[in-house]
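Reviewing the structure listed below.
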Amino acid sequence: MVRKIDHIDIRVSDLEAAERFFATLGMEVLRRMPAPRNSLEMKLPGGNQVVFEIRLAKEGEPRGIAHVGFEIDSAEDVEALEQAGLPFSGKNRFVPASGRTVSNFTDTDGGKWQLTIAQKEDASNG
């Protein structure tokens, strides 16, 4: 089932200013994703750190934390949680820009959450 927090998705009005702010805290850029995603991923140095996906907010979209993503092992975990009553708005969608397969759901107050499956490295690629 859920193993750890994978990422925190934050919407901002100025991507460059947000990058400078988080860099001041010691975070480093892992990846930049151009339009239409308009985001970057940052984390603190060292292993096993939570990734912050910082996105340029779209017109009318609220700023701040959009959702927290939890890492899971497989699509079977999504199915088990759905059978247990979790209301999914989307399931097992692959996002090429991040290499994650994502499933979205809401809590009892309408808060947004996400389950992620990391893309497995192909051992045959050397």
Side-chain angles (χ1 to χ4, degrees):
M1 289 291 185
V2 174
R3 297 187 320 142
K4 67 176 188 173
I5 293 176
D6 177 71
H7 69 280
I8 299 172
D9 186 309
I10 301 172
R11 307 296 167 98
V12 299
S13 59
D14 183 329
L15 197 57
E16 291 79 20
E19 180 180 353
R20 287 190 302 273
F21 171 79
F22 286 106
T24 300
L25 297 173
M27 290 188 177
E28 54 195 33
V29 174
L30 294 174
R31 166 179 25 216
R32 295 178 191 279
M33 293 172 270
R37 194 156 187 90
N38 291 322
S39 71
L40 60 104
E41 291 184 351
M42 298 182 78
K43 73 170 191 70
L44 290 167
N48 296 319
Q49 296 289 350
V50 172
V51 171
F52 285 71
E53 182 177 5
I54 304 162
R55 290 197 211 198
L56 189 58
K58 296 175 184 168
E59 183 70 32
E61 193 173 49
R63 286 15 173 208
I65 296 174
H67 69 260
V68 174
F70 295 102
E71 183 179 299
I72 59 173
D73 291 319
S74 69
E76 287 80 23
D77 291 334
V78 174
E79 296 306 318
L81 289 166
E82 185 173 45
Q83 288 177 4
L86 223 62
F88 284 91
S89 59
K91 297 188 321 184
N92 300 318
R93 180 178 59 87
F94 181 67
V95 181
S98 69
R100 295 180 184 98
T101 297
V102 302
S103 298
N104 300 308
F105 64 99
T106 56
D107 62 28
T108 56
D109 288 315
K112 295 180 181 180
W113 301 86
Q114 189 173 80
L115 300 176
T116 68
I117 305 166
Q119 183 175 16
K120 303 277 192 267
E121 294 296 322
D122 184 353
S124 65
N125 286 341

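A quick note: this is a predicted structure, and the numbers were derived from the prediction, not measured.
- The two residues Phe105 and Leu115 have their closest heavy-atom pair at CE2-CG, 3.7 Å.
- Ion pairing of Arg100 with Asp6 is present here, as a side-chain N (NZ or NE/NH1/NH2) and a carboxylate O approach within less than 4.0 Å.
- The distance from atom OG1 of Thr116 to atom CD1 of Ile5, rounded to the nearest 0.5 Å, is 11.0 Å.
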Side chain to side chain contact (heavy atoms under 4.5 Å, CB included), that's the test. Do Glu76 and Glu79 meet it? Break it down for me.
CA-CA 5 Å; Glu76 287 80 23; Glu79 296 306 318; 5.5 Å; no

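- A pairwise comparison of heavy atoms in Leu15 and Asn38 identifies CD2-O, 3.9 Å as the closest pair.
- No path of Ile, Leu, Val, Met, Phe, Trp and Tyr side chains, each step under 4.5 Å between heavy atoms, connects Val12 with Val51, placing them in separate hydrophobic clusters.
- Between Ser39 atom OG and Asp9 atom CG the span is 8.0 Å, to the nearest 0.5 Å.
- In terms of modelled atom types and a separation under 3.5 Å, the side chain of Arg31 and the main chain of Val29 share no donor-acceptor contact.
- Atom CD of Gln49 and atom CE of Met27 lie 8.5 Å apart (nearest 0.5 Å).
- Under the 4.5 Å side-chain heavy-atom criterion for ILVMFWY residues, no single connected hydrophobic cluster contains both Phe94 and Ile72.
- Aromatic ring orientation, Phe22 versus Phe52: tilted (interplanar angle from 30° to 60°).
- Leu30 and Leu56 fall into different hydrophobic clusters, defined by Ile, Leu, Val, Met, Phe, Trp and Tyr side-chain heavy atoms under 4.5 Å apart, directly or through other members.
- Ala97 and Arg37 get closest at one heavy-atom pair: CB-CD, 3.9 Å.
- Atom-to-atom distance recorded for Arg55:CZ and Ile10:CD1 is 11.5 Å, nearest 0.5 angstrom.
- By the criterion of side-chain heavy atoms lying less than 4.5 angstrom apart, applied directly or through intervening Ile, Leu, Val, Met, Phe, Trp or Tyr residues, Val102 is not grouped with Leu86; the two fall into different hydrophobic clusters.
- Lys58 NZ: 12 or fewer foreign heavy atoms inside a 6.0 Å radius.
- Salt bridge absent: Lys43 and Glu41 never bring a charged side-chain N and a carboxylate O closer than 4.0 Å.
- Heavy atoms only, all atoms of each residue included: Ser74 and Ile117 are closest at C-CD1, 3.4 Å.
- When all heavy atoms are compared, the tightest approach of Pro62 to Arg11 is O-CB, 3.6 Å.
- The pair Glu19-Arg32 meets the salt-bridge criterion, since a charged nitrogen lies less than 4.0 angstrom from a carboxylate oxygen.
- Judged by distance alone, the side chains of Gln114 and His67 do bring a donor and an acceptor atom under 3.5 Å apart.
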